[in-house]
There are 2 protein chains.
Amino acid sequence: MTIEKEYTTKLAVDDVTIDRRDIEMLDAIDRYGSMHRAAEELGRSYARLQNRVVEIEEAVGPITERQRGGSGGGGTELTATARELRRQFDRHEAALDGVARVTESVFAGTVRDRTGELGTVETGIGPILALVPDDASEVQVTVRSDAVVLTEPEEALEADSTSLRNQFRGTVDRLEPGESITRVTVDLEGDEGDPTLQALVTKASSERLELAPGREIAASFKATAARGIRIDSDSRA
Amino acid sequence: MTIEKEYTTKLAVDDVTIDRRDIEMLDAIDRYGSMHRAAEELGRSYARLQNRVVEIEEAVGPITERQRGGSGGGGTELTATARELRRQFDRHEAALDGVARVTESVFAGTVRDRTGELGTVETGIGPILALVPDDASEVQVTVRSDAVVLTEPEEALEADSTSLRNQFRGTVDRLEPGESITRVTVDLEGDEGDPTLQALVTKASSERLELAPGREIAASFKATAARGIRIDSDSRA
DNA sequence: CGTCGTGGTATCCATGACGATACAACGACG
DNA sequence: CGTCGTTGTATCGTCATGGATACCACGACG
């Protein structure tokens with residue numbers, strides 16, 4: 001059973017919510033210069049497509065300049081608003097794609113202190129400062145591997161001048177080099193469960209830090225990049 | 001026109017894709033111990049709900065132990081698989097919620113060098129090492145504010161022993177303190193556009209670094225936390 | 001002044017998702 | 001050995017989405 005993380009991107013603008021299909025519609029209109037051709041090229045009915053454009057415009061304002069009559073019969077162009085929408089959508093989707101692709105490390109623990117949205121979670125690898133939901137006591141803390149910073153252990157000590165609030169020491173367990181990015185698995189000193197933290201690092205950084213299995217290293221991440229998720233109390237196993 | 005980032009969480013397991021509704025179904029079954037009560041409590045029809053359970057189990061394997069007959073008429077319990085599914089879903093949703101909530105800073109630029117998935121992007125604030133799509137030349141680079149690390153400027157110089165590949169200097173422009181987290185806006189030295197970088201920092205870090213408007217500071221982030229998004233060449237404005 | 005490919009609109013129909021309903025099968029317990 | 005609240009299953013109706021089709025309006029250009 002392999003579980004894959006998926007998602008669908010949406011933008012809520014006032015009253016409508018714009019999804020991938022809408023953006024593809026805008027793209028096609030932009031590319032072909034007419035809603036008829038866009039509909040044909042996308043394999044969807046002109047009537048619905050045109051309706052959708054109007055529907056969006058009623059909520060967002062003009063996203064097209066439509067003209068009928070004329071030499072070529074007319075045509076429609078996108079407005080700056082439409083292009084901005086598309087860019088925003090692309091950014092959002094890229095961000096979501098990021099979380100779906102990136103691996104994360106999980107540590108179960110219990111919330112000790114809490115001030116506002118922040119809390120200290122006692123885990124098998126020690127206390128972690130993380131964002132925690134305010135009704136939770138038992139949580140699992142997740143850390144995205146692209147948010148983990150690796151540092152020389154000696155330098156790490158004086159790093160109190162940083163906003164990196166979570167620092168751990170460990171030894172490199174495994175390197176999985178990609179073309180330009182290496183996935184590093186760090187064994188942390190911990191008693192329970194799987195005291196392992198994954199980090200994504202550029203190949204250049206990997207070489208500069210002379211990463212290799214057995215190498216001692218400091219791994220740190222920001223409190224704002226670690227989130228706790230409530231575990232239902234009635235969940236056994 | 002206020003644009004809000006939205007998303008719908010999904011897990012793809014083999015042949016089925018599990019969405020929020022399914023997880024709520026599992027929750028209700030777990031809470032009430034029977035599919036009939038779960039259906040009633042959720043306001044949906046028993047027939048469909050039961051069908052859905054079977055449908056999921058055909059793809060994922062047993063997620064329930066169903067028993068009919070008996071004193072209470074029977075009942076159904078969740079299996080460990082179902083609980084694991086729920087936890088995974090919760091984690092994924094928390095991660096997606098993170099990207100939807102966090103602000104990001106955007107810098108437009110052009111890709112210079114590219115090795116694999118990594119590239120150097122020339123922007124208004126200088127070169128940024130980021131993940132770039134392989135067909136792009138003009139990109140917008142986005143940096144999540146929870147991935148930006150603030151450091152004492154003096155210490156930053158010797159930070160070559162880190163996997164933080166992008167380092168910039170600037171001055172604190174604005175602080176927006178929350179209950180336990182402060183949003184920091186840093187003005188970078190840059191010519192074009194909006195040379196501003198946002199960072200989320202714990203209040204403790206903010207005080208330790210003595211952040212205040214005008215304060216000089218170093219802001220850094222990992223290359224793997226910066227992603228470039230292609231800008232269509234035919235996009236003007 | 002007609003042509004032609006647009007935009008604009010209304011109507012009908014196919015499909016899928018889902019609730020509503022009805023009914024059979026089950027089995028511990030009184 | 002019947003009761004009762006389950007799990008199963010089949011059928012029908014409803015609703016929303018969206019394609020298919022048809023028809024009108026438009027206006028520069030030949």
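Note on naming: letters A, B, ... go to the chains in the order of the sequence lines (proteins, then strands), and numbering restarts at 1 for each one. Everything quoted here is computed from the prediction, not taken from an experiment. Scope of the values below: all heavy atoms of this structure, side chains included, with no hydrogens, waters or symmetry mates.
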Inset, instruction - Residues of residues 64-72 of chain B with any non-hydrogen atom less than 4.0 angstrom from an atom of DNA chain C: list those, numerically ordered, please. - result: Arg68(B), Gly69(B), Gly70(B), Ser71(B)
Legend entry - Length of the line joining Met35(A):CE and dT9(C):P, which is rounded to integer Å: 10 Å
Inset, instruction - Tell me which of Val54(A) and Gly74(A) sits closer to the 5' end of DNA chain C, going by the nucleotide each one is nearest to. - result: Gly74(A)
Legend entry - Closest to the Tyr46(B) side chain, choosing from dG19(D), dT9(D), dC12(D): dT9(D)
Legend entry - Gap between atoms CE and C1', on Met25(A) and dT17(D) respectively (whole Å): 15 Å
Inset, instruction - Before accepting this row, confirm whether a basic side-chain N of the pair Arg230(B)/Asp135(B) lies closer than 4.0 Å to the acidic partner's carboxylate O. - result: yes
Inset, instruction - Could you say whether Ala47(B) or Thr76(B) is positioned toward the 5' end of DNA chain D, judged by the nucleotide with the nearest heavy atom to each? - result: Thr76(B)
Legend entry - Separation between CG of Asp173(B) and CG of Leu197(B), rounded to the nearest 0.5 Å: 12.0 Å
Inset, instruction - Round to a whole Å and report the spacing from CZ of Arg44(B) to P of dG19(C). - result: 6 Å
Inset, instruction - Grab the CD-C1' distance between Glu40(A) and dG7(C) for me, whole Å please. - result: 16 Å
Inset, instruction - Would you tell me if any nitrogen or oxygen in the side chain of Arg37(B) comes within less than 4.0 Å of OP1 or OP2 on dT6(D)? - result: no
Inset, instruction - Could you tell me whether Arg21(A) contacts a base, only the sugar-phosphate backbone, or nothing, with contacts defined as non-hydrogen atoms closer than 4.0 Å? - result: sugar-phosphate
Legend entry - Check: Glu57(B) side chain, Thr64(B) main-chain N or O, donor-acceptor pair, under 3.5 Å: yes
Inset, instruction - Find the distance Asn51(A):CG to dA20(D):P and express it as a whole number of Å. - result: 15 Å
Inset, instruction - Would you kindly give the CD-to-C1' distance between Glu41(B) and dG19(C), to the nearest whole Å? - result: 17 Å
Inset, instruction - Rounded off to whole Å, could you give me the CG-to-P distance for the Leu49(B) and dG8(D) pair? - result: 12 Å
Legend entry - Greater than 12 external heavy atoms within 6.0 Å of Glu41(B)'s CD: yes
Legend entry - Neighbour count above 12 (heavy atom, 6.0 Å) for Gln88(A) CD: yes
Legend entry - Donor-acceptor pair, side chain of Ser145(B) and main chain of Leu200(B), under 3.5 angstrom: no
Legend entry - Side chain Arg48(B) and base dG19(C) donor-acceptor under 3.5 Å: yes
Inset, instruction - Starting from P on dG19(D), measure out to CZ on Arg52(A) and report it in whole angstrom. - result: 12 Å
Legend entry - Donor-acceptor contact present, side-chain Asp19(A) to main-chain Asp22(A), <3.5 Å: yes
Legend entry - Below 4.0 Å: OP1/OP2 of dG7(C) and any side-chain N or O of Gln50(A): no
